[in-house]
Amino acid sequence: MTSPAILPLSSSVMAIGRVASGMIVMAVLVYAYVLRFSVGDGNLFDYFGYFTNQTSLITCILLVTTGVLVLTRRRVPLALTTLRGIATSYLLVVAVIYNLLVPGTGSAPPWVSAILHVFFPLLVALDWLLVGDRPRLRWRRLWLLLPYPAVWLGAVLVRGATDGWVPYGFLLPERGIASLLAHIVALLAAVLTAGALAWMASRGRGMFLRSGDQRPVTSMGL
């Protein structure tokens with residue numbers, strides 16, 4: 001029997017892995033920004049105007065926070081786990097859209113794009129799917145996926161209409177209202193679809209760190 005004063009090896013390894021992956025990808029984001037800054041393109045609003053960069057940074061923070069809580073033997077709040085499920089959904093959308101619709105675009109080095117659009121989303125998705133240290137997410141909370149991309153879209157459209165900058169060509173104002181609405185609806189539908197997959201995956205036991213409590217959590221939180 002494991003001593004209560006010692007964190008189980010599997011838990012500590014998983015926690016260290018989350019902290020390490022989060023820190024590494026944050027370093028990649030900083031590196032990519034430094035490259036832009038070095039050529040005179042250091043506008044942070046532009047850099048973090050990309051959905052990929054925003055969601056990758058948010059996911060890194062969530063992974064590091066979760067890992068630190070586990071390593072310090074503190075309870076991971078349901079709200080934090082829910083946010084990690086939401087972030088996983090966003091990265092699934094990032095991976096699908098980039099690799100199927102706009103592959104090879106952007107000014108970042110190919111290896112940076114590969115990390116942010118392939119390897120990191122895959123790692124986060126496998127973590128969510130295979131590591132069972134998360135409770136079932138309630139279906140009535142699925143709507144929580146929508147506010148963030150809706151606000152992001154609103155900010156991008158305002159910028160596109162005022163200074164002409166948009167992160168992705170399909171959001172250009174000159175494409176017309178019909179095209180914009182179609183892409184917005186498709187993007188939000190993709191987010192909900194990815195979220196539904198993440199919500200379903202939360203009902204699986206996983207292969208590692210299987211939680212003994214897979215029932216919906218009724219305590220306060222998200």
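Nearest heavy-atom pair across V68 and T72 is O-OG1, 2.7 Å. In this structure, A196 and L142 approach most closely via the heavy-atom pair N-CD1, 3.9 Å. Nearest heavy atoms, T59 versus A87: OG1-CB, 3.3 Å. Heavy-atom minimum distance, L180 versus L157: CD2-CD2, 4.1 Å.
Counted within 6.0 Å of CD1 on I177, heavy atoms from surrounding residues, nucleotides or ligands total 12 or fewer; the atom is thus considered open. Counting non-hydrogen atoms of neighbouring residues, nucleotides and ligands closer than 6.0 angstrom, the CH2 atom of W111 exceeds 12 such neighbours.
Taking the six-membered ring where tryptophan is involved, the planes of Y33 and F37 are tilted, since the angle between them lies from 30° to 60°.
Under the 6.0 Å cut-off for aromatic ring centres, W152 and F48 do not qualify, their centroids lying 6.0 Å or more apart. For Y47 and W165, the ring centers sit 6.0 Å or farther from each other.
A ring pair (Phe, Tyr, Trp, His ring centres under 6.0 Å) with H117 is found for one member of Y98, F51, Y50 and no other, namely Y98.
Hydrophobic clustering of Ile, Leu, Val, Met, Phe, Trp and Tyr side chains at less than 4.5 Å, counting indirect connections, unites L83 with W143. M200 and W128 fall within a single hydrophobic cluster, where Ile, Leu, Val, Met, Phe, Trp and Tyr side chains are chained together by heavy-atom contacts under 4.5 Å.
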| Evaluation steps, salt bridge (Lys or Arg N to Asp or Glu O under 4.0 Å), between R134 and D127 | CA-CA 11 Å; R134 69 272 184 281; D127 180 357; over 6 Å; no
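By the ring pair (Phe, Tyr, Trp, His ring centres under 6.0 Å) test, F120 pairs with no residue at all, sequence neighbours left out.
Judged by distance alone, the side chains of Y148 and Q54 do bring a donor and an acceptor atom under 3.5 Å apart.
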